[in-house]
Amino acid sequence: MQIAADRGPVMGLIFCTVFFAAIYSLRYPVMSLVTLAGLLAVPVVIWLMMRETWLRSHGTMPFATLWTQGITAFGCGAMILAVAIYIYFKWVEPDLLINALQSQANRWDAAGTEQSAANARALRLMIDGGAIPHPSETAFQMLCLTVFTGSMLSMLLAFITRLKKVK
């Protein structure tokens with residue numbers, strides 16, 4: 001598990017890069033390429049970590065250990081991401097979600113259909129009613145989502161890693 005904990009900061013850096021690139025792609029569309037590259041890097045980094053462990057064990061590492069190793073790396077990285085999300089939404093750009101919802105409501109109003117007007121009203125009700133999640137809620141939800149999806153991806157990658165026979 002040491003290698004998983006050591007890869008946690010690497011995963012955290014990748015997750016934070018994806019998060020900030022996605023946020024800034026709203027203003028600079030070219031950043032969506034960075035987001036995509038980061039998303040593609042995640043399974044590669046996890047697979048390389050598992051492969052290294054598999055080769056070091058001479059092909060004797062149990063499936064559950066490889067899977068747990070991936071979950072641990074995702075968990076450590078997700079904690080770093082959660083802190084970054086909390087800081088960003090709490091102090092750097094606290095009105096980002098509200099501004100995005102207001103902007104979407106304006107676009108729906110401009111569409112001029114009955115359904116789009118109803119959607120715009122619903123968004124404005126959310127904003128006026130304070131139904132926007134707190135930064136800590138957003139950070140915690142992203143932490144849970146990252147660990148869950150990381151667990152599923154790690155299961156698949158552990159299976160794929162064990163397919164290669166070691167001589």
Side-chain angles (χ1 to χ4, degrees), residues 1-101 103-104 131-167:
M1 287 303 124
Q2 178 183 352
I3 191 170
D6 290 344
R7 295 283 163 87
V10 172
M11 295 307 296
L13 178 64
I14 294 171
F15 293 155
C16 289
T17 300
V18 168
F19 169 71
F20 288 116
I23 292 292
Y24 286 103
S25 70
L26 299 172
R27 293 183 196 118
Y28 310 104
V30 73
M31 293 301 288
S32 60
L33 295 175
V34 176
T35 304
L36 179 62
L39 290 173
L40 293 174
V42 169
V44 172
V45 169
I46 294 296
W47 180 77
L48 289 172
M49 175 190 66
M50 288 182 181
R51 184 173 168 266
E52 180 181 344
T53 301
W54 179 248
L55 293 175
R56 279 188 187 175
S57 74
H58 303 289
T60 61
M61 189 66 61
F63 171 82
T65 303
L66 287 173
W67 183 16
T68 304
Q69 184 181 45
I71 294 169
T72 303
F74 270 93
C76 292
M79 285 188 274
I80 294 168
L81 174 63
V83 169
I85 288 172
Y86 179 77
I87 290 170
Y88 189 80
F89 285 142
K90 179 74 174 174
W91 293 294
V92 177
E93 203 166 350
D95 293 332
L96 177 70
L97 294 176
I98 292 172
N99 292 340
L101 291 175
S103 176
Q104 183 62 45
I132 309 304
H134 188 271
S136 62
E137 293 170 321
T138 304
F140 183 73
Q141 289 169 357
M142 188 57 78
L143 179 122
C144 292
L145 176 66
T146 303
V147 172
F148 175 76
T149 56
S151 174
M152 295 299 106
L153 180 62
S154 295
M155 184 189 325
L156 176 64
L157 292 175
F159 176 75
I160 291 170
T161 300
R162 287 181 50 88
L163 291 176
K164 180 174 171 52
K165 301 293 182 209
V166 178
K167 296 174 182 159

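Numbering of residues begins at 1 and proceeds along the displayed sequence.
- Rounding to the nearest 0.5 Å places OG1 of Thr72 at 12.0 Å from CD1 of Ile3.
- A donor-acceptor distance shorter than 3.5 angstrom exists from the side chain of Arg162 to the backbone of Met61, with no hydrogens or angles considered.
- A donor-acceptor pair is defined here as one N or O able to donate and one able to accept, closer than 3.5 Å; no such pair exists between the side chain of Trp47 and the backbone of Ile160.
- Ring-centre distance between Tyr86 and Phe140: not below the 6.0 Å cut-off.
- To the nearest 0.5 Å, atoms OG1 (Thr35) and CG (Leu40) are separated by 11.0 Å.
- Side-chain atoms of Ser151 do not come within 3.5 Å of backbone N or O of Val147 as any donor-acceptor pair.
- The minimum heavy-atom distance between Ala82 and Leu143, with the atom names listed, is CB-CD1, 3.9 Å.
- Contact annotation: the side chain of Ile46 approaches that of Met11 to within less than 4.5 Å [non-hydrogen atoms, C-beta and beyond].
- A distance of 11.5 Å separates CE of Met79 from OG1 of Thr146, quoted to the nearest 0.5 Å.
- Of all the heavy atoms in Gly8 and Cys76, the pair that sits closest is CA-CB, 3.5 Å.
- Rounding to the nearest 0.5 Å places OG1 of Thr53 at 11.5 Å from CZ of Arg51.
- Closest approach of Cys16 and Leu81 over heavy atoms only: SG-CA, 3.9 Å.
- For Ala21 against Val34, the heavy-atom pair with the smallest separation is CB-CG1, 3.7 Å.
- Of the inter-residue distances, the one linking Gln69 atom CD with Met50 atom CE reads 6.5 Å to the nearest 0.5 angstrom.
- Side-chain atoms of Thr60 and His58 form no donor-acceptor pair, as typed in the model, at a separation below 3.5 Å.
- Contact record, Gly38 with Ile14: O-CG2, 3.6 Å, taken as the closest heavy-atom pair.
- Of the possible donor and acceptor atoms, none in the side chain of Ser103 sits under 3.5 Å from a partner among the backbone N and O of Asn99.
- The side-chain heavy atoms of His134 and Phe89, taken from C-beta on, include no pair separated by under 4.5 Å.
- Rounded to the nearest 0.5 Å, atoms CZ (Phe20) and CZ (Phe15) are 14.0 Å apart.
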Does the ring pair (Phe, Tyr, Trp, His ring centres under 6.0 Å) test come out yes or no for Phe159 and Trp67, once each step is laid out?
-> CA-CA 8 Å; Phe159 176 75; Trp67 183 16; over 10 Å; no

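- Between the Ser32 side chain and the Ser25 main chain, no donor and acceptor come within less than 3.5 Å of each other.
- Contact annotation: the side chain of Leu153 approaches that of Leu157 to within less than 4.5 Å [non-hydrogen atoms, C-beta and beyond].
- Using a 4.5 Å heavy-atom threshold, the side chains of Trp54 and Leu66 count as touching.
- When all heavy atoms are compared, the tightest approach of Arg7 to Leu48 is NH1-C, 4.4 Å.
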